[in-house]
Every structure is written in C-alpha cells, then in structure tokens.
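Please read all numbers here as calculations on a predicted model, not as lab measurements. Letters go in sequence order (proteins before strands), and every chain restarts at 1.
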Number of protein chains: 2
Amino acid sequence: MNTNLREELKARKQAYVQDEIIAAAARLFAERGIRAVTIDDIASSLGYTKSVVYYYFKNKNQVLWEIFNRIHEAWWADMQAIMEEDTPPDRKLAALIRKHALNVMDRTEWTAIYFRDQSELTEAQQSTVAERKRDFDRNFRDTYAKGVATGLFKDIPPAIVTSGIIGMCNQAHVWFKPGKGLSAAEIADHFTEIALNGCHR
Amino acid sequence: MNTNLREELKARKQAYVQDEIIAAAARLFAERGIRAVTIDDIASSLGYTKSVVYYYFKNKNQVLWEIFNRIHEAWWADMQAIMEEDTPPDRKLAALIRKHALNVMDRTEWTAIYFRDQSELTEAQQSTVAERKRDFDRNFRDTYAKGVATGLFKDIPPAIVTSGIIGMCNQAHVWFKPGKGLSAAEIADHFTEIALNGCHR
DNA sequence: AGATATTTAGACTGGAGAGTCAATACTTCC
DNA sequence: GGAAGTATTGACTCTCCAGTCTAAATATCT
C-alpha cells in the first residue's frame, strides 16, 4: 500500500549512494584522469566492490556525465542569479568574475575534470557541453559589450577580454590549494580588481 | 673508415623521423589525451606500423617526455632572452606576457598536453616539470615584485597577480583557433594591455 | 516466520592495447 | 656481388579492465 512512500525512500537512499560514488569518482578523476581510474578504484575507495558501482550507474560514462551535469547546474544557477540583478555592467561583471573564481576554487576537482576529460564524453554530450559553454560565455560577453556601449570599458573585442578573464579564473584550479596562502575569497577579490582595472576606460 | 660521418648521417636521419613521430603524437595526444591514443594510431597517422615507433623510442612514455622537454626548451629560451634585457619592470613584464601568450597560441597542442597529461609522467619526471615551472613562475613573480618596489605596480601579492596573468594566457589553448577572428599577435597585444592596465598603479 | 524487494559479492568473458621478437627488406660500402 | 649495418614488418604474448551474470546476503513488508 505505501508503495509510493517506499519508492520515495528507496530513491532518496539511492541518490545518497550515487552522490557518494560521484564524489569519490570526481576526486580520483581529477587526480589521474578518467582513463587512468578503474571502476574498481572508485568502488574500493569507498570500501565497495565494482558491482556496487554498476548497480547504481549504467557505465563509466554515466558517472562522468553526471559530474559534468552537476558542474553545469551549479555554475549556471549562480550565473543566472547574477544576471537577473538590476545592476550596471561594471558591477555585474565584477560579480560574475568573483563568483566564477570562487566556484573554480571551491571545487578545483570539477574544473580539472571539465577541462581534462571533455573528450571522453560522447559526441552528443560534447555538443551539449559546447552549447552550455556558449551560453555561459555569452553572458560575460554581453555584459562587457554593454559596458563598452555605456563608455565604462575599453573598446576591446568582448570575446577576447572575457576569454582572458575567464581563463584567469579557470586556471586557478591548477595552483590553488585551500588553506595555503590567501583564501579563495581574497584571491577572487584580487582577480576582480585586476580584471576590472584592466578593462576600465 | 668514414664511420664518424656515417654515424652522423644516421643520427640526423633518425632525428628527422623522431621529429615526425613526435609531431604526429603531439597532434593526437592534444586532441584525445595520451591514454586514448595508441602507438598504432601514431604510427598509422604517418603510414608506419607500430614497430617503427618502437624502433625510434623506447616506449610511449619517452614520446611524451620528449614533448614535455621541447615545450620547456622553447619556452625557457624565450624567457631567458627577455630576462637578460635591461628594461624596466613594466616593459619586461609586458614582454613576458606577450611572448607567453604567443607561445601558447603558436602551439596550442603543446599547452593542451602540458596541462592535461602531466599526471601520466613518472614521479621523477613530474618533479622535474614542477621544478621548471617554479623557475618559470619565479621570473614573472620577481619582475612583478620589482615593479611594486619601484612604485609601478599595485601592491597585490605577486604570486596571485602573475598566476592570474599566466592563467589568462594558458587557457587560450582551449579557445584560440588560428585563422579565425583576431590573430595571435593581436590577441597577445590585447592581453598585454589588459594585464598591465590591471596592475598599473 | 516467510515472501518479496533490494543490495552486495565474486567469478567470468571479451576485447584492447603495450611491448617483444624473429624474420624480412632495404642501404651502404668494399 | 655480397657482407655488414639499418629499417620495417607482422605475428605473438601478457596484462589490464569494462561490463556481465549468478548466487548470496540483507532489509522490508504482511
């Protein structure tokens, strides 16, 4: 009778284990790259056997794809929130940069996987990623272009400026170590300052 | 009798084929990542069989390591030349940025491999790479620090500023496509301008 | 308790690919 | 022409790993 309730409970429990597996996989993938990580590695890093992973995921690709989806969901939600604010281009750009820098440093593993293992996705998945990336970049670009139009920013091709700025943030995943040196927030602030200063008219 | 001459000729010929193999490997590695490229792939992209590659290289790792060495040699030589010039910090930093941006865009494959496949090297090779990277970064950092000391640059931790700037250049390997949009030189100039403007006091 | 649904273990298959080896082709030199 | 040195081939081995399958263990419900 309570079959609905049971299904729900089951789903919640499964979601929990899936999260666990994804987190473990992300750690390993980021460190060594997908191809160098076996399903056994993922499982045994959690004290499970391979079969458990295959019980919760269809195959290796699905684990990876889930990671990509989570990256996107998190980044995109944050970006949407900022885009909806009614602020002038310079403040909006500052917010975008700061948030992106923080996101990268908050989850350096995700960023590492995103850049390193994109080619391991299927063609279809890769197009989806490309599309999402276009949307992401466009928000940066449009914000910059608006700033140029209102005389706030230097008249440099928006695609170049924003690619540079986004790149500055992205690469932080390589060198940023939490707990060493400046905090993520401090670094994000510096980056924002440098970038805005750099393109301010 | 002309054994010296012959050895030399042989060496030159072998070096030529090795270059060919390395170039082919670099193209493939950059596109798909080391683990996804077989020795057969490399060989047959040149019309050879696997054995030819094994005739010229001990194993897959040596091909990769040779690529890393060439990246380093090229980048380091360029950097040395700039460091030896007797110019003020701001002009020196500008030259470093411009050159690095150009190097990245000139050989996007190399940069892709450098960032993506570093973990495929042996421990010892990885330490060597880390050491070289430290030297590379130090030149940027010291130049910036000098600029701060002479009041040219903002007083932001040099490691942060320069990591940001280097990152901006590095990431260009992901999106730069020669022949599309601005040229590498134009982009390098814009980056230099943005960066210098960004940290100028 | 016992029936049913869910989760885990472990053994197995099949394919792919790194690296080896012995045999063959091609060059160069005398 | 033939001997020594150089380059190339293709068949073979051996290991590793993704993914499957069956059976066992555990939890849940009545």
Worksheet entry | Intermediate values then yes/no, side-chain contact (heavy atoms from CB on, under 4.5 Å), A:Leu64 and A:Phe29 | CA-CA 9 Å; A:Leu64 181 63; A:Phe29 287 168; 4.3 Å; yes

Can you tell me how far [atom2] of [N] sits from [atom1] of [X], to the nearest Å?
{"X": "B:Glu20", "N": "D:dA7", "atom1": "CD", "atom2": "P", "answer": "13 Å"}
{"X": "B:Asn61", "N": "C:dG17", "atom1": "CG", "atom2": "P", "answer": "19 Å"}
{"X": "A:Tyr55", "N": "C:dA9", "atom1": "OH", "atom2": "P", "answer": "13 Å"}
{"X": "B:Ile42", "N": "C:dG17", "atom1": "CD1", "atom2": "P", "answer": "12 Å"}
{"X": "A:Glu8", "N": "C:dA5", "atom1": "CD", "atom2": "C1'", "answer": "18 Å"}
{"X": "B:Lys60", "N": "C:dA16", "atom1": "NZ", "atom2": "P", "answer": "15 Å"}
{"X": "B:Leu64", "N": "C:dA18", "atom1": "CG", "atom2": "C1'", "answer": "15 Å"}
{"X": "A:Asp40", "N": "D:dG19", "atom1": "CG", "atom2": "C1'", "answer": "11 Å"}

From the options [options], select the nucleotide whose nearest atom is closest to the side chain of [X].
{"X": "B:Gln14", "options": "D:dT9, C:dT8, D:dA7", "value": "D:dA7"}
{"X": "B:Asn59", "options": "D:dA7, C:dT7, C:dG19", "value": "C:dG19"}
{"X": "A:Thr49", "options": "C:dT6, C:dT8, D:dG10", "value": "C:dT8"}
{"X": "B:Lys10", "options": "D:dA7, D:dG19, D:dT9", "value": "D:dA7"}
{"X": "A:Ile39", "options": "C:dT8, C:dT7, D:dA18", "value": "D:dA18"}

Worksheet entry | Check ion pair A:Asp117-B:Arg116 (N to O, under 4.0 angstrom) | no

Discussion item. Regarding A:Glu193 and B:Lys154, does a basic nitrogen lie under 4.0 Å from an acidic carboxylate oxygen?
Written reply: yes

Worksheet item: For the ring pair B:Phe136 and B:Phe140, is the centre-to-centre distance below 6.0 Å?
Response: yes

Worksheet item: Quick one: are the ring centres of A:Phe115 and B:Phe115 less than 6.0 Å apart?
Response: no

Taking atom types as modelled and ignoring hydrogens, do the side chains of [X] and [Y] form a donor-acceptor contact shorter than 3.5 angstrom?
{"X": "A:Asp189", "Y": "A:Thr192", "result": "no"}
{"X": "A:Thr122", "Y": "A:Gln125", "result": "yes"}
{"X": "A:Asn197", "Y": "B:His200", "result": "no"}

Worksheet item: Relative to the 5' end of DNA chain C, which residue comes earlier, B:Asp41 or A:Val52, by the nucleotide with the nearest heavy atom?
Response: A:Val52

Discussion item. Are more than 12 heavy atoms, taken from residues, nucleotides or ligands other than A:Gln80, located less than 6.0 Å from that residue's CD atom?
Written reply: yes

Worksheet item: For B:Phe57, which contact category applies under a 4.0 Å heavy-atom criterion: base, sugar-phosphate, or nothing?
Response: nothing

Discussion item. What's B:Val53 touching, base or sugar-phosphate or nothing? Going by heavy atoms closer than 4.0 Å.
Written reply: nothing

Worksheet item: Using rotation axes that map the C1' atoms of four end pairs onto the next four (five pairs an end), what angle separates the end axes of the helix from C:dA1-D:dT30 to C:dC30-D:dG1, to 10°?
Response: 10°

Worksheet item: Would you say D:dT9 has OP1 or OP2 under 4.0 Å from some side-chain N or O of B:Tyr48?
Response: no

Practice prompt. Report the relative orientation of the aromatic rings in B:His100 and B:Trp75; use parallel for angles under 30°, tilted for 30 to 60°, perpendicular for over 60°.
Written response: perpendicular

Discussion item. So if I define the base as every atom that isn't primed, P, OP1 or OP2, how would nucleotides 20-25 of chain D read as a B/S/- string at a heavy-atom cutoff under 4.0 Å?
Written reply: B-----

